[in-house]
Amino acid sequence: MRIERSSISLELDSRGKRVLKTVNHALGTILEACTGIDVYLIEGIPELTTELIEEIFLDSVAQRVCIDREAVGDILPQWDLRIEVAYKPGVTDPEALTAREAIELSLEHVDTKAVIQTARQYVFRFCRDEAGKVEQWAPRIAGLLHNSLVEVATWMVRNSSHKSTAFPSLYPSQVAPSRGEVERIPLQDLSGEELEVLSRKRLLALSREEMEAIQAYYRDPKVRKERERLGLGSSATDVELEMIAQTWSEHCKHKIFAAQIQYRERNIDGNLIKEERINSLFQTYIKDTTRWISQNRKDLRSVFHDNSGVVDFDEEYLVCMKVETHNSPSALDPYGGAITGIVGVNRDILGTGLGARPIFNTNVLCFDYPDTPSEEIPPPLIHPRRLLLGVHRGILDGGNQSGIPTVGGAFLFDESYRGKPLVFCGTGGILPRNILGKPSWEKRIDPGDLAVMAGGRIGKDGIHGATFSSAALEETSPSSAVQIGDPITQKKLSDFLLEARDRGLFKALTDNGAGGLSSSLGEMAQLCGGVRIFLDRCPLKYPGLAPWEILLSESQERMSFAVGKDQIEEFLALAKERGVEATVVGEFTHTGLVEVYDGPHLVGCLDLTFLHDGVPRMKLVAEWVPPRGQQQGLEDSTAEHTIGFSAQTLPNYDRLKEVLLKLLQDPNIASKESLVRQYDHEVQGSSIVKPFMGVAFDAPMDGAVIRPRYDSYRGITVTHGIKPRYSDLDPYAMALAVVDEAYRSHIALGGNPNLASALDNFCWPDPIPSPQNPDGSFKLAQLVRACKGLQEACLAYELPLISGKDSMKNDALIGEKKLSVRPTLLVTVMGIIEDVRKAITTDFKREGDLIYLLGRTTEGLGGTYLEHVLGKKLGDLPYFDLKEARTLYLRLHEVMVQGLVSSCHDISDGGLAVAVCESSLGGRLGATITLRPDLMRSQRSIRAIEEAVGTREILLNLLFGEGPGRFVVSVAKKDREAFENAFKGYPCYSLGTVTRESTLQFLWEANGSVMDLLEVSLKEVEEAWKSFSKEIIA
Amino acid sequence: MGKQVRALLLTGYGINAERELAEAFRQVGCIVEAVHLGELLHSPDRILDAQILGVPGGFSFGDHLGSGKVLAHILKQKLKDRITRFVQEGGLVLGICNGFQILVKMGILPNVDGTCRQEVSLIHNEHGMFVDRWVKVSFNSSNPSPWIRDLTEEWYPIRHGEGRFITGTKVTGETLQALNLIALSYADENPNGSELGIAGITDRTGRILGMMPHPEAFLIPENHPWWPRKKIPKDAGLLIFRNGYEHARGIL
């Protein structure tokens, strides 16, 4: 049976209109009209009557349904082209699952063999002058409407010379079955080279050394004897080998962060100036950092060993947070990759301690510039605009449908993300300190407890995800690495698990993410000393999975639980009542083994210690040479041309304004409101500082503040720091700036300086040298330097790292060409604000308020967006004094608590000029700002800078410099004295006043005279700053 | 101890705004019970123990097959008699966002002709996108619903992809106007293309109110985006709930 559902009129079909816009935007105005038809294909349910179909599928006011009859004739009879998009076999179709559920609720019985499928049909009418070219356009339009990895598109052209066939009454749904039996791999006899081939062929992503370690295990006489006894034989089974590869993957074991590194530092001439051996970057720069800081921080509850970092919120509650990346899947399928990223990191929170409730999502999304010409994007890469919009849709559905507010976050554009976008998905959660008298952050498993899997079923989706993300993106990357998340199945699961938690129905849980059951049960087994898994008991989406596939599958929306035998009945009963499928799939033991059974047959048995600790430690070399040729600065001729003044001449008023407006239009700085407004940030009723506030609800904030408890005013801040452009010069300075940006934003919001915690996320180009990657050891040195910077800044700010993640293969190999991301570190701060009613926003509040600059400006325009706008390298990075910054922040916080600050905005991308524009826009108020040479701080004297590089450098640094450690603050007139007294002896400079005018005026005061520098109207600022937001959804 | 007003809120299967809705009703004095759909289907009489039935926002059943469609179908099939009796006996119903969509698709709102057939709808926003923003709404003083008594204007957040209110051929915008069933409309701008800017309607008894904006996300003045700029009256967001509570107390 084929059910087609359309709108009753084209006017009511907003989705069709959006598709029309999208296609016309991408291909030029070729279409006149478009409408969408929802298609449901049903077979094997003879009891389904017309009445019931209308009851379930039809909105009788807005829609029409046609049963076994085409809908197109009623809605758009003058069509030229119809394209139908359906899922490929095995891809999750959440809507079909719901349709089945709805039908089952109405009918006594629905045959398990009944098939329900969905498809989307798009109907197009072309502009008359394009009507002759429909056949040429068809494949290109289809290309825009579907992702061939997970979907299949068929089309029909009216009046085609070829005979059109009708759309199918059912799409193929059979997943090609795998070989059912277990394969035996005689590892013990293979040569080193053969081991490498085996690793490649099976997509194990293991090195020769690692393969040899596995071989040694199988050659061990004790192991051999035991295997004989168990009847397993001396060869490895595919189940075992896959399980080891997953457990040992870079994704799961973080081998680079654990490696022994010989670090050498050379000066610009290549002479060795420093050499040291680093025993694990993670231990040295991350864990130890937190260990030192934790002596003064008694609120750190559980760091580094659970699914997320846990800290105290108040006397009764804990909060936890995790940030993950989902780069590789998003590169292949932006929508599926992003949605899975969100629901995946949500599960990390659900799986923390005895289960936490997600209270916010926050995402940082990095792409190449969306206006990049198509011919610059080589296949199979997806154009950045499409990537952006696909990821955006995934974030939108993933977050909104889960009922978790999306707060904070950022979009970032950089040409180095052409090969792989970076999709950082973060989630925070809350859990009571004690649950039924037990500490909630501790998990416990006893031998004899049952291993239960709950949520979705297992299919072939997402097999090899863990190992795939540990390799570069290639033309042949497997489509099975892609999954599509279903937020509703997960929402049911999460409601259930929190209820089960509060009733004490399980003892431990963890999520099924990368590596599936292999990873979740393998990790849980460590808590009691072993596990026995029964693969034949696992519920499958469809038959035909090989045993190892069942174990490794990353099908979504699943959690694993340890349930006591005395609780199992109640646990399973509650699951059933809540519409959640839960199945006992194993038993925890204390045998020291992971035993895997398929029916009565033992198909895998591995020593738990070997599995988790057997991976050989990598030994790597890192070579740092400072990049050359960065010192060039702005030549006079270029300067004259681009900004209208040279070192010795006075600035040109109009050109400077042009630069400012260009900066405001840069997608990195510009408003992304049209995208961000599509994310629900109000659900849960906790929103205090929102993405956009101010008079017209359109000014950007420095981060988010939420109030997680309804009976308390204590709140949480969420902020980020990311600055990949600094990495070109020195990742060490990059890391300082990144930590500072996240921490400073927390301060700007009014957060407590001593109650902030940080999460680090490294996304690096491959730092392991190979013939395709000759500069691997330089990239590793960049990583070492970023770690050193991270540590230094965290120690200075007494900011503990509570959780982190690294993704080390952010490269794409396109033919011979390698596209690598700029070394990128994202630092996220989750902090406490004691009273959300004291939170500070960025918008200027009233006319007459005084404006101050806090923090010292140092010379250095390298890595700024000014460089990007001018298309020129502008020299070094600014010097930054962490200690001075920390002292300033502590004082600022005191002053904020006293209520002396009306607005506060951190100075970041685009510098002071952009920050003032944003604060002005927020209040729809003008400002007069006077810049002076003494606002600069330099290791040289002001006079020396003036002599060396001229007034121009000082001006550019003050207006557009992005040096860390600074804020623009406004203060009520009556508080002037108190404010200035509080900052005596601190880098605090009066800049000017908030005015009622509709313009921003920048003046330059030097040697006793004042001159106009730049004047811009609020209208011009708004227009420039909002242009990207308008364009991207057009 | 005197009897207390009980509010029963429906949860589960993708409903997601029940916590804040519970808090809002609790703040004004109700005893709140959030009941999972599965439980309610087991013991449907629980509805009759309450004076207020709340259908919160969210994405029930993923909004697959249409927003609120599947849950509306289930409620209609399994609980229609109970809900009808509940309203006849004076009970109050509040559906917000997805809850509004559900009530409309069940046909109990506005139910002009009394046959519980769907008469109006909420479809994809005219611009085709989900939107989260605070909007000003004005209340219709001619609508006698207890829910909106004495209310004139208020700010609430909207957050929906399918909030465009349309009418059909039998019940038109004029019908709703003539019968005073429009409860609230968007005041300054129409954020989704709704007919007559309609943001919420009631049935003919006035006891069933459905609305797209989310008063339950306005629990304290600091939820309002203007809070750092000016004084927001305490409880501004809770007035609807207080009205419901006061009326329900009268029928205890």
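Since the model is a prediction, treat every value here as computed from it, not as a measurement. Chain naming here is simple, since letters A, B, ... match the order of the sequence lines and numbering starts at 1 in each.
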- side-chain contact (heavy atoms from CB on, under 4.5 Å) assessment of B:Asp132 paired with A:Lys690: CA-CA 11 Å; B:Asp132 178 331; A:Lys690 306 169 196 295; over 6 Å; no
- Item | Steps toward salt bridge (charged side-chain N to carboxylate O under 4.0 Å, His left out) verdict (A:Glu673, B:Arg133) | CA-CA 11 Å; A:Glu673 184 175 351; B:Arg133 66 159 57 247; 3.8 Å; yes
- Query: side-chain contact (heavy atoms from CB on, under 4.5 Å) between B:His36 and A:Arg578: does it pass, once the steps are laid out?
  - Reply: CA-CA 8 Å; B:His36 194 274; A:Arg578 297 295 176 257; 3.3 Å; yes
- Task: Can you tell which part of A:Val695 gets under 4.5 Å to a heavy atom of chain B, answering side chain, backbone, both or neither?
- Result: both
- Part of B:Arg164 within contact of chain A (heavy atom distance under 4.5 Å): side chain
- Message: For B:Pro157, which atoms come within 4.5 Å of any heavy atom of chain A: side chain, backbone, both, or neither?
- Response: side chain
- Message: Taking side chain as everything from C-beta outward and backbone as N, CA, C, O, which of these in B:Ile15 sits under 4.5 Å from a heavy atom of chain A? Side chain, backbone, both or neither.
- Response: backbone
- Note on the structure: Turns out that what part of A:Arg677 lies under 4.5 Å from chain B's heavy atoms comes down to both
- Message: So for A:Leu12, is it side chain, backbone, both, or neither that comes closer than 4.5 Å to the heavy atoms of chain B?
- Response: both
- Please state whether the side chain, the backbone, both or neither of B:Lys78 comes within less than 4.5 Å of a heavy atom of chain A. side chain
- Interface moiety of B:Val120 toward chain A, non-hydrogen atoms closer than 4.5 Å: backbone
- Message: Could you check whether A:Phe697 and B:Trp155 have their ring centres less than 6.0 Å apart?
- Response: yes
- Interchain contact, B:Asn125 with chain A, by part (heavy-atom threshold 4.5 Å): backbone
